[in-house]
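Here's the structure, in structure tokens; my notes come after.
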Amino acid sequence: MFRRTPRHAPLALALVLVLATVPARAGEPQDVEPALQTIERLRHQGEVAEAARRAGELVASHPGHLAAHIAYQDAQIALGRRDELLDGYRDRARADGATADDRFLHARLLEGAPATHAYKTVLADAPDHFWSLCGLATLLIEDGKARHAAPLLERAREIDATSPVPLNLLGGIAESEGDTAEAERLYREAITARPSFVLARVNLGTLLVGAGRLDEALTELDAAVESAPRLALTRLGRGMAHMARGDSEKAVVDFQVATETDARDVVSLDLLANAYLNLRRYDEAQEALDKALALDPAHAPTHVFVAYLNLSLERIEPALAAAEAALDIDPALAEAHHMLGLCHERAGSAKRAEAAYRRAQRADPENPAYVRALGLLYESQSRWRDAVREYEKLVKLTDGAPDALFDLALAYWGHDKHDRAATTLETLIAADEAHLDAWMNLGVLRHRYLRDRKGARAAFEHYLKRGGTDERVRDWLRELD
């Protein structure tokens, strides 16, 4: 007799926003800071070529100014000219009399282990070099070594208490460790230190999206887009917020701008494809994914989205192949295990689906989506004891979110634990009085199973009073009469 309202839960891949390049601090000469601000503004507005030209002029007039070189490098990198910079800055770093700044400028053009080694070399000679501390910490965070990065960032804060960069990175560490309150505090402190530092605002916005505080998130992300309308990062962040609100049309606009701004960004193309998938615009989703695969055929999340596309079109075998391809590339990718489970479940293989969902949980135990997937599978098989176990975990992971409580209540009901089902629905209603399905199902429980005529009547009347339209409720009220 109970009823579950269908709810569409689109696949969501985590997007981690890290510091890709180190923004410059204000330069000491009075004529440099206005020029740096102009260059930054031009880049944020998408006028990258003009920003690069002005940065080149600034370096020519101030060849020893670190911030001028950082601005120049960033503009050239945005134009896809990183390799062209390497030789010149390598020679500069190796020249007789090269400074820590010279070696840092070379290090920040490198990637992976060579970059880590280069930063460590700088710090061996100049342990208080602010930007090398931040650069090395960024690489350590990306490598999952946040514990080693934190002391470097604390030292950087001691050296320059006014910079937002260490604060932002420390916020990322706190967020990765699950301390969202501390992460929010650090991101806000970084924004206060430098309101134009959009990376901290984007990180704050995405944190708020994850916390379900979508109005606050959009306030921050709108401000980030206003400050840097042609920076892919700001558009990606706001697009994610729109996706979380279920507004795929607005998300598409932001993701399209992100891909136009940086056509080489595979993550932007993946998210654009995801937005198209939610709008059931499958041809456009396919086009975005084809571009992503052409850029990087070994990017595992793209293959997960390919599986999602094929599953949406009921092409089970190609979907399975794409999910398996993602796992061949990255066996630890939780999203790929989850997608493989969805494919097996759609193919009618519950046992294989169960195994895949369990692997997804092991890969990312804090993600409620994988717990719910397994709970729904058990529910579909009437394995109510197992479903209860998963949904109880889901309630804990989501801090008692109404939807999780509703899942748990229905599982208790299926397991013939009617008192517990009613109590859980009452807990849900206390948190969300507008949850119509909870009111209606509470009424059915009290009417049919708990023989509580007064409680049933009150629940049904609340349902109708709050706008419920299921005509069966009126029939049940007549039965009570």
Side-chain angles (χ1 to χ4, degrees), residues 15-25 43 52 55 59 65-95 97-157 159-160 163-173 176 197 199-200 202-203 231-233 262 264-267 295-296 298-300 330:
L15 176 64
V16 181
L17 301 175
V18 296
L19 184 63
T21 56
V22 182
R25 291 184 290 173
R43 283 193 59 214
V59 165
H65 199 285
L66 177 61
H69 281 278
I70 291 174
Y72 174 68
Q73 286 186 347
D74 285 349
Q76 293 294 322
I77 290 169
L79 291 171
R81 299 172 182 169
R82 181 189 295 269
D83 292 343
E84 297 174 23
L85 295 171
L86 265 173
D87 289 341
Y89 281 97
R90 182 186 298 113
D91 293 343
R92 183 186 179 105
R94 294 176 179 175
T99 66
D101 285 354
D102 294 327
R103 295 196 297 277
F104 159 75
L105 288 169
H106 174 236
R108 74 188 301 265
L109 295 175
L110 302 174
E111 298 177 338
T116 300
H117 175 73
Y119 282 131
K120 288 181 176 178
T121 301
V122 177
L123 291 169
D125 294 333
D128 288 343
H129 193 268
F130 176 86
W131 291 121
S132 293
L133 288 167
C134 294
L136 179 57
T138 300
L139 292 178
L140 291 172
I141 292 170
E142 291 175 349
D143 289 341
K145 300 175 181 176
R147 180 169 58 87
H148 301 291
L152 300 176
L153 295 169
E154 293 295 353
R155 179 59 188 142
R157 287 181 71 183
I159 295 167
D160 185 355
S163 173
V165 176
L167 293 166
N168 178 63
L169 289 169
L170 285 167
I173 292 175
S176 70
F197 188 49
L199 182 59
V202 171
N203 283 337
L231 195 65
L233 196 68
D262 186 357
R264 298 159 297 151
D265 186 51
V266 176
V267 172
L295 287 170
D296 186 357
H299 189 245
D330 185 356

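Looking only at distances, a side-chain donor or acceptor of Gln73 sits under 3.5 Å from a matching main-chain atom of Leu105. The backbone N or O of Ala200 sits nowhere less than 3.5 Å from a side-chain atom of Asn203 that would complete a donor-acceptor pair.
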Test side-chain contact (heavy atoms from CB on, under 4.5 Å) applied to Leu86 and Leu110, step by step: CA-CA 8 Å; Leu86 265 173; Leu110 302 174; 3.7 Å; yes
Stepwise side-chain contact (heavy atoms from CB on, under 4.5 Å) check, Glu154 with Leu170: CA-CA 8 Å; Glu154 293 295 353; Leu170 285 167; 3.8 Å; yes
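For Asp128, the salt bridge (charged side-chain N to carboxylate O under 4.0 Å, His left out) partners two or more places apart in sequence, or in a different chain, are Arg155. Under the rule for a side chain to side chain contact (heavy atoms under 4.5 Å, CB included), the partners of Ala100 that lie at least two apart in sequence or sit in another chain are Arg103, Val122, Ala126, His129. Annotation: salt bridge (charged side-chain N to carboxylate O under 4.0 Å, His left out) contacts of Asp87 (sequence neighbours excluded): Arg90.
Aromatic ring orientation, Phe104 versus Tyr119: tilted (interplanar angle from 30° to 60°).
The shortest heavy-atom contact between Ala107 and Ala115 is O-CB, 3.9 Å. For Ala55 against Tyr72, the heavy-atom pair with the smallest separation is CB-CA, 3.5 Å. Taking both residues in full, the closest heavy atoms of Ala93 and Ala98 are given as O-CB, 3.2 Å, listed atom of the first, atom of the second, then distance. Residues Gly112 and Leu139 come closest through the heavy atom pair O-CD1, 4.3 Å. The minimum heavy-atom distance linking Phe197 with Pro164 is given by the pair CD2-CB, 3.5 Å.
In this structure, the separation between CG on Leu152 and CG on Leu136 is 5.0 Å, given to the nearest 0.5 Å. In this structure, CZ in Arg157 is found 5.0 Å from CG in Leu167, a value given to the nearest 0.5 Å. Ile70 CD1 to His65 NE2: the interatomic distance, rounded to the nearest 0.5 Å, is 9.5 Å. Expressed to the nearest 0.5 Å, how far CZ of Arg94 lies from CG of Asp102 amounts to 13.5 Å. In this structure, Arg43 CZ and Leu79 CG are separated by 9.0 Å, a value rounded to the nearest 0.5 Å. Atom CG of Leu169 sits about 11.0 Å away from atom CG of Leu140, to the nearest 0.5 Å.
Here the rule is side chain to side chain contact (heavy atoms under 4.5 Å, CB included) with Trp131, and of Asp101, Leu66, Asp160 only Leu66 fits it.
Between His148 and Asp143, every side-chain heavy-atom pair lies at or beyond the 4.5 Å cut-off. The side-chain heavy atoms of Arg108 and Asp74, taken from C-beta on, include a pair separated by under 4.5 Å. The shortest side-chain heavy-atom distance between Leu153 and Ile173 falls under the 4.5 Å cut-off.
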